[in-house]
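Contents: one structure, followed by commentary.
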Amino acid sequence: MPELPEVETSRRGIEPYLLNKTIKKIEIRQHKLRWPIPKNLPTLAEGQKVRGVYRRAKYIYLKLDSGNIIIHLGMSGSLRICTSKTPIEKHDHIDICVSNKKILRDPRKFGCVLWQADDINNHKLIKSLGPEPLDDIFTAEYLHTKAHKRQCSIKAFIMNSHIVVGVGNIYASEALFRSGINPKRKAGNISLSRLVKLVNAIKLTLKLAINEGGTTLRDFTGISGQPGYFAQKLLVYGRNGEKCTQCNETIKQFTQQARSTYYCTQCQK
DNA sequence: ACTTCGACCTGTTGGC
DNA sequence: TGCCAACAGGTCGAAG
């Protein structure tokens, strides 16, 4: 489900409820997510103050004095703020309780909740990640160097978290459309000037989506259950058979790396 | 070193 | 209306 804008929307949503608050209790109903939630997480975290609510790639982490709680929402996860009266539903796997409760809900269990005792960047899942797309170090020159002689498609390339993080299936199609690049084109076969357009398109698309509270296709919601409004502004994703907003050509869909890609054959070369 | 692909799990959708 | 296959926002890790 969530790509970077949806994760950032979730982070911004929970931050005011958790920052500088003491974790009173952690209640785990379902340990079996993508990786098991550590059995001793309550012992490690209860009684500590939340010093920061951060995001790295699609991971949210809560910085405590003795370590970090790392949360990934997987494909279908969401976080919400609840009170003690909020009914617990089927896929509400873990509560992190301060004065209110924060609940991780994750129907498909592709997400995870983990503990990292020291610097978050030492964590196995995080240390090999590429740069943040909205960071200044993510440039066309960087992409150009990384793409040298790469045979994979440009879409697979920008979705590879070792190259750049946070670009998922929706925003990959959107950014490639905005930069006029055919998703099938080989990554190593794109000029620097076109990569300049691509990098700008990735940054712009993600920023616009964050401003809209993310994209709700079927079930993404912010912490209060509200949808994101960027779905209304998608230019190609999910629009196969419809007209291109720029040239009136019909938007096409095809499968790439077992994921749906949407593009305009006229605008993207 | 790079690329592809299966696996994880549940809910929803669309075609017959 | 009902059933069942196909598909869904992620990404690791094995295999080629």
Side-chain angles (χ1 to χ4, degrees), chain A residues 1-11 29-37 55-60 70-79 89-93 104-114 123-130 133 143 145-175 183-189 202 205-206 209-210 212-222 227-234 236-241 253-262:
Chain A
M1 161 210 300
E3 297 189 36
L4 189 148
E6 293 75 44
V7 175
E8 179 61 20
T9 297
S10 300
R11 188 202 68 77
R29 281 179 220 90
Q30 172 61 270
H31 282 270
K32 288 185 182 174
L33 300 187
R34 173 151 198 189
W35 291 282
I37 299 177
R55 179 186 60 73
R56 168 76 174 108
K58 294 172 190 164
Y59 296 92
I60 290 173
I70 301 173
I71 300 167
H72 195 288
L73 303 177
M75 281 276 256
S76 55
S78 61
L79 298 170
E89 293 183 27
K90 190 175 175 185
H91 301 295
D92 293 344
H93 304 315
L104 170 65
R105 175 175 298 184
D106 182 7
R108 289 173 73 183
K109 299 186 199 144
F110 285 180
C112 62
V113 179
L114 299 168
H123 194 279
K124 182 187 170 190
L125 296 173
I126 293 179
K127 67 179 168 192
S128 61
L129 292 175
L143 261 198
T145 305
K146 284 281 184 184
H148 185 61
K149 292 194 173 172
R150 292 286 282 254
Q151 294 298 301
C152 68
S153 68
I154 186 64
K155 187 191 181 218
F157 186 66
I158 60 175
M159 288 181 69
N160 180 343
S161 63
H162 300 289
I163 303 301
V164 59
V165 301
V167 182
N169 202 39
I170 298 177
Y171 302 112
S173 281
E174 292 295 303
K184 295 175 184 171
R185 183 171 284 276
K186 285 180 179 166
N189 187 25
I202 290 172
T205 307
L206 293 175
I210 290 170
E212 296 289 336
T215 299
T216 297
L217 291 183
R218 23 185 77 76
D219 59 1
F220 171 75
T221 60
Y229 296 104
F230 195 69
Q232 300 161 20
K233 304 201 174 173
L234 295 174
V236 288
Y237 187 91
R239 297 191 63 235
N240 65 314
Q253 174 190 24
F254 70 103
T255 300
Q256 231 177 346
Q257 278 80 40
R259 317 294 302 272
S260 277
T261 301
Y262 301 85

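A, B, ... follow the sequence lines: proteins, then strands. Residue 1 opens every chain. This one's a predicted model, so the numbers in the text were calculated from it and none came from an experiment.
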Could you state the [atom1]-[atom2] distance from [X] to [N], rounded to the nearest angstrom?
{"X": "A:Leu217", "N": "B:dT13", "atom1": "CG", "atom2": "P", "value": "12 Å"}
{"X": "A:Arg259", "N": "C:dA8", "atom1": "CZ", "atom2": "C1'", "value": "8 Å"}
{"X": "A:Ile163", "N": "C:dT11", "atom1": "CD1", "atom2": "C1'", "value": "15 Å"}
{"X": "A:Leu234", "N": "C:dG9", "atom1": "CG", "atom2": "P", "value": "12 Å"}
{"X": "A:Gln257", "N": "B:dT4", "atom1": "CD", "atom2": "C1'", "value": "8 Å"}
{"X": "A:His162", "N": "C:dC12", "atom1": "NE2", "atom2": "C1'", "value": "8 Å"}
{"X": "A:His123", "N": "C:dC12", "atom1": "NE2", "atom2": "C1'", "value": "13 Å"}
{"X": "A:Leu206", "N": "C:dG9", "atom1": "CG", "atom2": "P", "value": "16 Å"}

Report which part of the nucleic acid [X] touches: base, sugar-phosphate, or nothing (heavy-atom distance under 4.0 Å, all strands).
{"X": "A:Arg150", "answer": "sugar-phosphate"}
{"X": "A:Phe230", "answer": "nothing"}
{"X": "A:Lys124", "answer": "sugar-phosphate"}
{"X": "A:Tyr59", "answer": "sugar-phosphate"}
{"X": "A:Thr216", "answer": "base"}

Is the phosphate of [N], meaning OP1 or OP2, less than 4.0 Å from a side-chain N or O of [X]?
{"X": "A:Gln151", "N": "B:dT3", "result": "no"}
{"X": "A:Ser260", "N": "C:dA8", "result": "yes"}
{"X": "A:Arg34", "N": "B:dA7", "result": "no"}

Over all atoms of both residues, closest heavy-atom pair of [X] and [Y]:
{"X": "A:Pro133", "Y": "A:Ile202", "answer": "CB-CG2, 4.0 Å"}
{"X": "A:Val165", "Y": "A:Arg56", "answer": "CG2-NH1, 3.8 Å"}
{"X": "A:Thr216", "Y": "A:Ala231", "answer": "O-CB, 3.4 Å"}
{"X": "A:Pro107", "Y": "A:Ser76", "answer": "CD-O, 3.3 Å"}

Counting N and O atoms only, with roles assigned by atom type, does the side chain of [X] sit under 3.5 Å from a partner on the main chain of [Y], one being a donor and the other an acceptor?
{"X": "A:Arg34", "Y": "A:Gly74", "answer": "no"}
{"X": "A:Asp106", "Y": "A:Gly111", "answer": "yes"}
{"X": "A:His93", "Y": "A:His31", "answer": "no"}

Gap in Å between the two [atom1] atoms, one belonging to [N] and one to [M], rounded:
{"N": "B:dT12", "M": "C:dT11", "atom1": "C1'", "answer": "22 Å"}
{"N": "B:dG11", "M": "C:dC12", "atom1": "P", "answer": "25 Å"}
{"N": "C:dA6", "M": "B:dG6", "atom1": "P", "answer": "14 Å"}
{"N": "C:dC4", "M": "B:dC8", "atom1": "P", "answer": "22 Å"}

### Task
Say whether A:Glu174 and A:Thr205, considering side chains only, have a donor N or O and an acceptor N or O under 3.5 Å apart.
no

### Task
Would you kindly say whether A:Ser153 and A:Lys184 are connected by a side-chain donor-acceptor distance under 3.5 Å?
no

### Verdict with reasoning, A:Lys58 to A:His72, per side-chain contact (heavy atoms from CB on, under 4.5 Å)
CA-CA 6 Å; A:Lys58 294 172 190 164; A:His72 195 288; 3.7 Å; yes

### Query
Which nucleotide in the list C:dT11, C:dA8, C:dC12 gets nearest to the side chain of A:His72?
C:dT11

Please enumerate all protein N or O atoms sitting under 3.5 Å from an N or O of nucleotides 9-12 of chain B, with distances to 0.1 Å.
{"residue": "B:dC9", "atom": "O4'", "partner": "A:Arg108", "partner atom": "O", "Å": "3.2"}
{"residue": "B:dC9", "atom": "O2", "partner": "A:Arg108", "partner atom": "NE", "Å": "3.0"}
{"residue": "B:dT10", "atom": "OP1", "partner": "A:Lys109", "partner atom": "NZ", "Å": "2.9"}
{"residue": "B:dT10", "atom": "O4'", "partner": "A:Pro107", "partner atom": "O", "Å": "3.4"}
{"residue": "B:dT10", "atom": "O3'", "partner": "A:His91", "partner atom": "NE2", "Å": "3.2"}
{"residue": "B:dG11", "atom": "OP1", "partner": "A:Lys90", "partner atom": "NZ", "Å": "3.1"}
{"residue": "B:dG11", "atom": "OP1", "partner": "A:His91", "partner atom": "NE2", "Å": "2.7"}

### Message
Show me the dot-bracket string of DNA chain C, counting Watson-Crick or G-U pairs under 3.5 Å, with | for pairs to another strand and [ ] for crossing ones.
### Response
.|||||||.|||||||

Tabulate protein N/O versus nucleotide N/O from nucleotides 14-16 of chain B, keeping only pairs under 3.5 Å, one per line.
none

### Message
Tell me whether the rings of A:Phe230 and A:Tyr171 are parallel (<30°), tilted (30 to 60°) or perpendicular (>60°).
### Response
tilted

### Task
Just do the side-chain contact (heavy atoms from CB on, under 4.5 Å) check on A:Phe110 and A:Leu33 with the steps written out, would you?
CA-CA 6 Å; A:Phe110 285 180; A:Leu33 300 187; over 6 Å; no

### Query
Does A:Lys233 come within less than 4.0 Å of A:Glu212, counting only side-chain N to carboxylate O?
yes

